[in-house]
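Quick notes on the structure that follows.
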Amino acid sequence: MKNISTDSQTMATLFHNVAARCATREALVADNARLTYAELDKRTDVLAQALQAQGVNKDTIIATLLLDGLAMVELSIATAKLGATLLTLNWRLAPAELSYIMSDASPQFYFVSTRFETLFNEAGGTEAYFIEEGDPQGALAPFDVNTNADANELNVEVSRNDRWYMLYTSGTTGRPKGCQHSQGGYFINVLSWMHQLGITEKDCVLEPFPLFHVNGFGTLLCGLIAGAKVVIPARDNSYEDSLRLSEREGVTIQPVMGEAFPYFTLLEKLQLQLKLRLLIVPGGAFPKEALEILAAGLNVDMRCMYGQTESGCWITMMSLEDQLAHIKSCGKVMPHLASRIVDDNGQEVACGEVGELLIKGETITMGYHNLPEATADTIVDGWLHTGDLFYQDEDGFLYIAGRKKELIKTGGENVYPAEVDSVLVSHPSIVDACVVGVPDPRWQEAVKACVVVAPDASLSREEIVAWCREHIAGYKRPRFIEFIDEIPRDFNGKAQRRVLAERETTPDQA
Ligand code: ATP
Ligand code: MG
């Protein structure tokens with residue numbers, strides 16, 4: 001079955017093309033099912049038709065609160081074929097947070113894993129198609145359909161301007177915002193990322209990251225459009241299970257988080273025959289020692305990246321070799337994006353100077369759902385204001401300095417919280433730290449540090465201040481220090497600075 005498509009630059013076209021190109025190759029191993037590209041294509045044709053029979057059209061939003069697996073993959077393909085919108089919901093959110101997003105987006109249909117039924121109900125959800133964990137019927141399970149019968153024409157014209165994918169930001173700096181992405185934007189994104197990752201149909205991609213998030217979703221799409229085999233492990237797999245699965249399936253590419261080091265120590269112990277050649281590391285740069293272990297011990301390449309929900313995902317990427325030569329950089333801007341680093345007056349800053357990163361290209365968000373003013377503030381003359389501060393070196397490598405909203409202005413100087421955080425955690429008795437700006441009558445803002453001290457250590461405010469004085473300029477040292485048990489972080493490990501800054505505390509002056 002084909003869409004009647006007047007526009008070739010859509011995700012629908014990419015899914016169609018890979019099915020034709022790689023028909024007999026294995027596409028997906030998930031939920032006790034193994035499917036070839038031809039089978040996945042057929043099933044998603046049937047699913048698209050079943051959804052159409054339920055009234056799904058180009059204005060429809062289909063939300064998922066699903067464990068990673070077959071149903072999620074099938075819904076992403078079926079929505080692309082229908083020109084409808086897929087909204088992926090984060091099942092790690094609390095009911096109140098989820099409820100906000102559900103009422104803001106108002107999807108017409110929900111697909112929910114039975115594991116999340118209580119969460120869904122507590123968030124105010126009522127009707128949904130429920131999917132059992134590990135059900136090889138995937139998203140077709142709720143429908144009475146024959147997967148062997150030929151599906152009819154869908155009769156929809158999918159255009160590159162159709163909204164296809166919607167995802168809410170993490171809500172680090174305020175309420176989460178719904179970023180809308182078009183079929184055409186993702187068409188370019190996926191091709192560009194695939195090229196940068198060098199994925200081909202010979203690869204096997206292990207996808208252990210949540211697919212409700214852009215990092216997991218982006219990796220999945222790269223694998224599926226390249227014609228690679230994508231393997232989705234069961235949610236409760238241990239590191240060891242994942243490594244054994246990796247060996248069995250011949251995994252060549254997989255994403256990991258920075259703290260995945262136990263994983264690699266296990267590798268040595270288990271003596272497995274892995275074909276791993278590339279690690280995808282979303283988020284912050286690795287420490288130099290970790291990079292050296294990867295380069296020398298594992299003989300794999302890696303890609304570090306920086307990105308955001310508004311850009312559809314990755315804006316920069318860099319290889320292990322580049323990373324070793326440019327420690328702490330997050331790479332160069334992708335070839336499909338124009339970029340500028342500007343000061344508060346919109347003037348481009350010189351090399352080495354900090355400014356806000358702006359990017360431009362067809363892949364940036366179509367705008368925030370229901371927020372025309374925030375959209376107009378964020379996208380100006382086609383330039384997406386990332387809200388992130390960067391400087392660039394002479395070779396074009398970018399270094400992140402922090403978020404514009406979190407910059408602390410004190411006595412006419414700028415303090416980047418991340419810089420002070422890293423000085424604090426380099427103290428042997430400090431296990432975690434997070435610096436925020438608090439209002440100050442004299443200095444406009446003052447630096448406040450929330451510090452978690454190691455359980456068996458004791459540390460005074462004076463010692464912390466002395467440590468900072470030794471390592472950074474005096475104006476950057478904390479004026480207030482609060483000892484706390486734990487830094488609040490989101491599921492990606494991002495410190496919730498806003499939560500800490502808003503806490504009602506009256507710490508002693510440092
Ligand atoms: P909100 O926009 O709702 O406040 P958020 O910005 O945390 O939330 P996301 O889009 O999930 O929501 O996160 C993108 C942000 O994460 C980036 O704008 C940047 O501040 C941060 N980030 C992404 N990659 C990196 C990286 N490699 N190093 C440091 N920070 C990063
Ligand atoms: Mg953001």
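Order of appearance sets the numbers: ligands from 1, and atoms from 1 within every ligand.
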* To do: Before signing off on this row, confirm whether Arg175 and ligand 1 have an N or O atom pair separated by under 3.5 Å.
  => no
* **For Lys494, atoms of ligand 1 separated by under 4.0 Å from a heavy atom** => 5 (P), 7 (O), 9 (P), 11 (O), 12 (O), 13 (O), 14 (C), 15 (C), 16 (O)
* Aromatic Tyr368 / basic Lys177 pairing, under 6.0 angstrom, 45° off normal -> yes
* Does the pair Arg303/Asp322 count as a salt bridge with the N-to-O cut at 4.0 Å? -> no
* Quick one: does Gly171 get within less than 4.0 Å of ligand 1, heavy atoms only? -> yes
* Min N/O separation Thr386 to ligand 1 under 3.5 Å -> no
* Asked: Do NZ/NE/NH1/NH2 and the carboxylate oxygens of Asp104 and Arg175 come within less than 4.0 Å?
  -> no
* To do: Could you tell me whether Met305 approaches ligand 1 through its side chain, its backbone, both or neither, with non-hydrogen atoms closer than 4.0 Å?
  => backbone
* Lys NZ or Arg CZ of Lys332 over Phe397 ring: under 6.0 Å, within 45° -> yes
* Structure fact -> For Thr309, the ligand 1 atoms with a heavy-atom partner under 4.0 Å come out as 9 (P), 10 (O), 11 (O)
* Asked: So between Lys328, Arg403, Lys177, whose heavy atom ends up nearest atom 15 (C) of ligand 1?
  -> Arg403
* Is a salt bridge present between Lys405 and Asp388, judged by a nitrogen-to-oxygen distance below 4.0 Å? -> no
* With heavy atoms only and a cut-off of under 4.0 Å, state how Asp388 meets ligand 1: side chain, backbone, both or neither. => side chain
Can I get a per-line list of side-chain donor-acceptor pairs under 3.5 Å for residues 67-76, giving both atom names and the distance, sequence neighbours left out?
unit_1, atom_1, unit_2, atom_2, d
Asp68, OD1, Leu211, N, 2.9
Asp68, OD2, Leu211, N, 3.4
Asp68, OD2, Arg235, NH1, 3.4
Glu74, OE1, Ala139, N, 2.9
Glu74, OE2, Arg43, NE, 2.5
Glu74, OE2, Arg43, NH2, 3.1
Ser76, OG, Met72, O, 3.2
Ser76, OG, Val73, O, 2.7

* Looking just at side-chain N and O atoms, do Arg163 and Thr85 make a donor-acceptor pair shorter than 3.5 Å? -> yes
* For the ring pair Trp314 and Tyr306, is the centre-to-centre distance below 6.0 Å? -> no
* **Part of Ile400 within contact of ligand 1 (heavy atoms, under 4.0 Å)** => side chain
* Asked: Would one find an N or O of Tyr306, backbone or side chain, under 3.5 Å from an N or O of ligand 1?
  -> no
* Do Cys330 and ligand 1 have an N or O pair less than 3.5 Å apart? -> no
* To do: Indicate, as side chain, backbone, both or neither, the part of Gln308 found under 4.0 angstrom from ligand 1 when only non-hydrogen atoms are considered.
  => both
